[in-house]
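Worksheet for the structure shown next.
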Amino acid sequence: MKIAVVGATGMVGQVMLKVLEERNFPVTELIPVASEKSVGKSVTFKGKEYTIVSMEDAVAMAPDIALFSAGGTTSREYAPLFAEAGTTVIDNSSVWRMEADKKLVVPEINASSLTKEDRIIANPNCSTIQLVMVLHPLNLKYNLKRVVVSTYQSVTGTGKNAVDQLNAEIHNSESVPTVYPYRIFQNALPHCDVFADDDYTKEEIKLMTEPKKIMGDSGFSLTATAVRVPVQGGHSESVNIEFENEFDLDEVKRILSETPGVILLDDVKNNIYPMPLLAEGKDEVFVGRIRRDISQPNTLNLWIVADNLRKGAATNAVQIAEYLVENKLV
Ligand code: 2RA
């Protein structure tokens, strides 16, 4: 497979290369793509150096699959050009996710919807992916009625400059990059992405819209608050779930423990629960702190953690590519 990684020098692009390598994806030719300022530099893949090429040259090379993590503007301009050249694009930006004719895919949930005609496939938002990995199996069993989610998001979700800001603040450095409107060290910012007219942030709007498309079910309500915290290993989410039907707590735990891609970490008597420290560098979604919400019937609380750069972005994209190859859709 001739594979392009567009945004190869970015945080997610670098993890895409790592995941392709780890999972021994059948790459016969790698095409690293980045902005003009990086053209000519190189990236390492499977111990070999590959020279970064321009977008135009990469389109002309007609890769079989292009994994994109280069921002919405670049994707909106170049994904269609790759698609017209016969490439299947898997894009990590938000621009295609809610387009009616584009598939929004978490392989464990809706990969079967993919066809040869899907030339631009949207990778969901990181905080969406870890949420639906848990909501979907429970929805199938108990029918979701209402979901309230609060997130505690890693600075890696913003990018390398945000990681640099946090580290500079921790070490009280002279020069501190100002990515966030306030200090992030020893702070919590209820401000992920930009504010929309309704005073929700775009991150919260992604969380309130993407799950329904992925799960193919808009029969439940969902509200979100997204918070940035001084953490680097992954996103955490506190989730309150009201079901249409009664549930058995032990059965909920069994269902989740048997869900591919989900790991149950739930033994509070021994201080066992998900944390970014445990999730960092891993591809699974970790769930714990599962307990009844005693304030109302048919409702429970739980806690979800995942590495936002891996299952939240790179690994999910590579898993989509694996599905395409395994099912001869490319
Ligand atoms: C964030 N989910 O965490 C967004 C984009 N990666 O900032």
Side-chain angles (χ1 to χ4, degrees), residues 5-16 18-19 67-76 90-98 104-106 122-135 149-167 177-182 184 187-196 200-211 213-214 222-239 276 279-281 283 285 304-318 320:
V5 176
V6 179
T9 57
M11 288 191 91
V12 172
Q14 288 288 301
V15 178
M16 283 175 167
K18 188 162 186 277
V19 171
L67 300 176
F68 262 65
S69 188
T73 306
T74 299
S75 181
R76 196 172 282 286
I90 300 168
D91 177 50
N92 196 46
S93 83
S94 59
V95 295
W96 307 107
R97 290 175 183 160
M98 299 313 288
L104 181 62
V105 177
V106 174
N123 206 40
N125 189 42
C126 40
S127 43
T128 297
I129 292 173
Q130 65 187 76
L131 179 64
V132 296
M133 285 287 288
V134 172
L135 290 184
V149 54
S150 298
T151 73
Y152 306 76
Q153 301 188 209
S154 161
V155 293
T156 53
T158 310
K160 186 180 176 311
N161 291 341
V163 174
D164 292 346
Q165 176 177 343
L166 173 58
N167 289 329
T178 50
V179 175
Y180 299 120
Y182 300 98
I184 184 67
N187 197 11
L189 296 180
H191 181 180
C192 295
D193 207 325
V194 296
F195 283 102
Y200 279 80
T201 61
K202 281 192 170 181
E203 187 76 3
E204 290 157 351
I205 293 165
K206 293 170 193 172
L207 272 162
M208 296 188 285
T209 53
E210 293 177 16
K213 179 170 180 179
I214 297 162
L222 202 163
T223 191
T225 301
V227 180
R228 189 75 61 191
V229 292
V231 163
Q232 296 194 38
H235 291 349
S236 303
E237 296 176 345
S238 172
V239 190
E280 186 170 17
D283 291 326
V285 171
I304 307 170
V305 180
D307 183 329
N308 54 291
L309 295 179
R310 291 189 67 108
K311 182 55 182 174
T315 305
N316 196 73
V318 173
I320 293 170

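The basis for the numbers below is simple: all heavy atoms, side chains too, and nothing from hydrogens, waters or symmetry mates. In this chain, numbering begins with 1 at the start of the sequence shown. In each ligand, atom 1 is the first atom listed, and ligand 1 is the first ligand listed.
Ligand 1 has at least one atom lying under 4.0 Å from a heavy atom of Cys126.
The side chain to side chain donor-acceptor pair (under 3.5 Å) test with Asn308 singles out one residue from Thr156, Thr151, Asn125, and that residue is Thr156. Shown are Val106, Val19, Ile90; of these, the side-chain contact (heavy atoms from CB on, under 4.5 Å) with Asn316 is made only by Val106.
No part of Lys206 comes within 4.0 Å of ligand 1, judged by heavy-atom distances.
Some N or O of Glu203 is nearer than 3.5 Å to an N or O of ligand 1, by distance alone. Of the N or O atoms in Gly157, one or more lie within a sub-3.5 Å distance of an N or O in ligand 1. Backbone and side-chain nitrogen or oxygen atoms of Ser127 are examined, and none is located within less than 3.5 angstrom of a nitrogen or oxygen of ligand 1.
Shown in contact with His235 at under 4.0 Å from a heavy atom are these atoms of ligand 1, numbered in order with element: 3 (O). Of all the atoms in ligand 1, the ones that sit under 4.0 Å from a non-hydrogen atom of Asn125 are 2 (N), 4 (C), 5 (C). Set against the non-hydrogen atoms of Gln153, the atoms of ligand 1 under 4.0 Å away are 1 (C), 2 (N), 3 (O).
With respect to atom 7 (O) of ligand 1, the closest heavy atom belonging to the protein is Arg228 NH2, 2.6 Å.
Scanning all heavy atoms of the two residues, the minimum distance from Cys192 to Glu203 falls at O-CB, 3.2 Å. Residue Thr128 comes nearest to Lys206 through the heavy atom pair OG1-O, 3.7 Å, listed as atom of the first residue, atom of the second, then distance. Summarising the geometry of Gly159 relative to Met11, their closest heavy-atom pair is C-SD, 3.5 Å, with the distance given to 0.1 Å.
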Checklist entry - What's the verdict on salt bridge (Lys or Arg N to Asp or Glu O under 4.0 Å) for Lys213 and Glu210, showing C-alpha distance, side-chain angles and the deciding distance? => result CA-CA 5 Å; Lys213 179 170 180 179; Glu210 293 177 16; over 6 Å; no
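Residues Thr158 and Tyr180 have side chains in contact (heavy-atom distance under 4.5 Å, counting atoms from C-beta outward).
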